[in-house]
Amino acid sequence: MILKSHIKQQSNAGDFQQALNEVFGALQSYKGKAFKLTAFVNSKNSSDYIEQKQLVAIAINSCFENEIPTWSILSEAPMDAMLCVVLQCSDADKKHLDFKGLPIVILEQHSEKELWVSGLSSLDDDMKISATTVFETLSDVLKTHGFEYDDIVRQWNYIGEILKVKTHDGLNVQNYQVFNDIRNAYYRRNKKRSDFPAATGIGIKTPGLVVDIFAQKSGDEVQSLPLRSKVQKNPFAYSETVLVGDKSDKKPPLFERGRILYSTESASLPKLNHQAQILVSGTASIQNQETVAIGDVSAQTENTIQYIQELISSKNIQNNYSELNLGQLDYQRILVYVKNQNDMEIVSRICSAHFPKHLINLVEADICRDNLLVEIEADLG
């Protein structure tokens, strides 16, 4: 299994250019190791975001030169910072490639190959157009490099004005629902497997859509399994009662609560794995399929952490796969999305109490339901 590390640098310098200089000055030593970069910016509006994105792109090219990591720039304001950059690094062999102007990276180790693509985007205000554009590009990237939709392990979906309801064909439909319908169409058309990637679906302030993916081919060297919860209903099995809009036949969000990756010398489940990872999807205060602790950000944060801990517990893993023993895993990365800026402090205190020694990043973002105040995703290894 390809091992990875996470680096976080942020700045609240006097202006955006100063913040860029400070952050990317600190990141220069990771040239040759970095393969994925995610920048969170505090944008006032769309034009501000576009200007910031251009400046960050210039800084990325200057910092990493001919070894550009795949990157995305997100209009999700980081806590106590003007700019926050999270960098993923690895010592594995890398191919830094260009797909029609989009930097992508392929990591290779033994027979394992990983495709990392970030910044698949469209800024069109019509979510149907944006989502179709992005998934068409994703289909092209996968095909060009010998990957399939079934190879996608993790997907991040950053949805502009995620809660906004617009009129489509005479019906009121939420942007998130439009995205889910388009994702469903492409998954159903291109997937053979019945399980899905781990995923996050979260809001960004600017119109349009940004998608990042991690896909993997490894033969029998690394196995990938869906991880399901006994507390939370599978998202792909949600009933229409929790989906927003007048449209009939609304498609549910197609993702797993998490995925397990583990190294093994054979395709059978080992008694004990030498290496393993758990990728936890965006998780919120939902029991079965209903939001709980409505209006209480503290309770929602505590609930979310509890559900993640239950998902990754040895007991739940044994319930999913009785022969599988992953050994001791620890959090490598925790990303917390907070709906309201005023709730950042309380959410930060709760998360720091539960994860005192871990890399935590908090950003402001709309969650996929109006009554959800917090969402958390994580990687363990």
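Just so you know, these numbers come straight off a predicted model, no measurement behind them.
- With hydrogens and angles ignored, the 3.5 Å screen pairs a side-chain donor or acceptor of Gln109 with a backbone N or O of Met1.
- No side-chain heavy atom of Gln52 sits less than 4.5 Å from a side-chain heavy atom of Leu83.
- With no hydrogens or angles considered, no side-chain donor-acceptor pair links Ser122 and Asp124 at under 3.5 Å.
- A donor-acceptor pair under 3.5 Å is formed between the side chain of Asn190 and the backbone N or O of Tyr186.
- Note that Lys36 lies in the cation-pi zone of Trp156, set by a 6.0 Å cut-off to the ring centre and a 45° limit from the axis.
- Using a 4.5 Å heavy-atom threshold, the side chains of Val165 and Asp246 count as separate.
- The side-chain heavy atoms of Ile68 and Trp71, taken from C-beta on, include a pair separated by under 4.5 Å.
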### Task
Might you work through the side chain to side chain contact (heavy atoms under 4.5 Å, CB included) test for Ile305 and Gln309, ending with a clear yes or no?
CA-CA 6 Å; Ile305 294 170; Gln309 291 173 336; 3.8 Å; yes
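- Interatomic distance, OG of Ser139 versus CZ of Arg189, reported as 7.5 Å (0.5 Å rounding).
- Counting only N and O atoms by type, the side chains of Ser224 and Gln216 include no donor and acceptor under 3.5 Å apart.
- In this structure, Tyr30 places its OH atom where only 12 or fewer heavy-atom neighbours from other residues, nucleotides or ligands lie under 6.0 Å away.
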### Message
Test salt bridge (Lys or Arg N to Asp or Glu O under 4.0 Å) on Asp181 and Arg183; report intermediate values, then the result.
### Response
CA-CA 6 Å; Asp181 290 344; Arg183 171 169 56 180; over 6 Å; no
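- Between Asp195 and Arg193 a salt bridge is recorded (basic side-chain N to carboxylate O distance below 4.0 Å).
- Note that CG of Leu120 and CG of Leu138 are 6.0 Å apart. Values are rounded to the nearest 0.5 Å.
- The same ILVMFWY cluster, assembled from side-chain heavy atoms under 4.5 Å apart, contains both Ile202 and Val210.
- How far CG of Leu37 is from OG1 of Thr70: 9.5 Å, rounded to the nearest 0.5 Å.
- Side chains of Tyr337 and Val374 form no contact here, defined as non-hydrogen atoms less than 4.5 Å apart.
- A donor-acceptor contact shorter than 3.5 Å links the side chain of Asn157 to the backbone of Thr200.
- Counted within 6.0 Å of NZ on Lys191, heavy atoms from surrounding residues, nucleotides or ligands total more than 12; the atom is thus considered enclosed.
- In this structure, the side chains of Leu209 and Met127 come closer than 4.5 Å at one or more pairs of heavy atoms.
- Contact detail for Gly201 and Cys368: the closest heavy-atom pair is O-CB, 4.0 Å.
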### Task
Please lay out, stage by stage, how Ile162 and Ile204 fare under the test side chain to side chain contact (heavy atoms under 4.5 Å, CB included).
CA-CA 7 Å; Ile162 188 170; Ile204 48 178; over 6 Å; no
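- Looking at Ser43 and Asp48, their side chains never bring a donor and an acceptor atom within 3.5 Å of each other.
- Taking the six-membered ring for Trp and the full ring otherwise, the centers of Phe236 and Phe255 sit at least 6.0 Å from each other.
- Side-chain contact check for Ile376 versus Ile334: some heavy-atom pair is nearer than 4.5 Å.
- Here CD of Gln155 is found 13.0 Å from CG of Leu279. Values are rounded to the nearest 0.5 Å.
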### Query
So Val280 and Tyr307, side chain to side chain contact (heavy atoms under 4.5 Å, CB included) or not? Walk me through it.
CA-CA 11 Å; Val280 178; Tyr307 301 153; over 6 Å; no
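- Closest of all the heavy-atom pairs between Asp125 and Pro207 is OD1-CB, 3.6 Å.
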### Ser5 and Gln88: CA distance, side-chain angles, deciding distance, side-chain hydrogen bond (donor to acceptor under 3.5 Å, both in side chains) verdict
CA-CA 6 Å; Ser5 60; Gln88 288 185 254; over 6 Å; no
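- A pairwise comparison of heavy atoms in His6 and Leu359 identifies CB-CD2, 3.8 Å as the closest pair.
- At a cut-off of 3.5 Å, with distance as the only test, no side-chain donor of Tyr158 or Ser75 sits close to an acceptor on the other residue.
- Under 3.5 Å, the side chains of Tyr262 and Gln277 contain no donor-acceptor pair of N or O atoms.
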### Task
Evaluate side-chain hydrogen bond (donor to acceptor under 3.5 Å, both in side chains) for Gln17 paired with Asn21, printing each intermediate quantity in order.
CA-CA 6 Å; Gln17 187 61 58; Asn21 295 342; 3.1 Å; yes
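- Checked for salt-bridge contact, Glu148 and Lys143 miss the test: no charged N lies under 4.0 Å from a carboxylate O.
- Interatomic distance, Gln232 CD to Thr304 OG1, rounded to the nearest 0.5 Å: 7.5 Å.
- Between Arg228 and Glu256 there is a salt bridge, since a side-chain N of the basic residue sits under 4.0 Å from a carboxylate O of the acidic one.
- Side-chain N/O atoms of Gln300 and Asp296 include no donor and acceptor closer than 3.5 Å.
- Nearest heavy-atom pair, Glu114 versus Phe147, reported as atom, atom and distance to 0.1 Å: C-CZ, 4.3 Å.
- When only modelled atom types and interatomic distance are considered, Glu22 and Gln18 share no side-chain donor-acceptor pair under 3.5 Å.
- By the 6.0 Å and 45° rule, Lys4 stacks over the aromatic ring of Phe214.
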### Task
Please lay out, stage by stage, how Val85 and Leu27 fare under the test side chain to side chain contact (heavy atoms under 4.5 Å, CB included).
CA-CA 9 Å; Val85 172; Leu27 294 178; 3.7 Å; yes
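- Donor-acceptor pairing under 3.5 Å is lacking for the side chains of His358 and Gln332.
- Atom NZ of Lys166 has more than 12 heavy atoms from other residues, nucleotides or ligands within 6.0 Å.
- Remark: Asn45 CG is packed, more than 12 non-hydrogen atoms of other residues, nucleotides or ligands lying under 6.0 Å away.
- Between the side chain of Asn340 and the main chain of Asp343, no donor-acceptor pair closer than 3.5 Å is present.
- In this structure the side chain of Thr38 never reaches within 4.5 angstrom of the side chain of Ser118, judged on heavy atoms.
- For the pair Pro197 and Arg154, the minimum side-chain heavy-atom distance is 4.5 Å or more.
- Salt-bridge formation is not detected for the pair Lys192/Asp150: no Lys NZ or Arg NE/NH1/NH2 atom is positioned less than 4.0 Å from an Asp or Glu carboxylate oxygen.
- Taken from CG in Leu55 to CZ in Phe16, the straight-line distance is 6.0 Å, to the nearest 0.5 Å.
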### Query
Which is it for Glu364 and Lys339 under the salt bridge (Lys or Arg N to Asp or Glu O under 4.0 Å) test, yes or no, and what are the steps along the way?
CA-CA 6 Å; Glu364 181 185 4; Lys339 180 181 177 70; over 6 Å; no
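- Remark: Lys95 engages Glu108 in a salt bridge, criterion side-chain N to carboxylate O under 4.0 Å.
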### Task
Take Glu76 and Lys205 through the salt bridge (Lys or Arg N to Asp or Glu O under 4.0 Å) test and state the conclusion after the steps.
CA-CA 7 Å; Glu76 296 175 337; Lys205 290 182 180 179; over 6 Å; no
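- Ser229 and Arg257 form no side-chain donor-acceptor contact under 3.5 Å, judged by distance and modelled atom types alone.
- Within the 3.5 Å criterion, the main-chain N or O of Phe24 finds no donor-acceptor partner in the side chain of Gln9.
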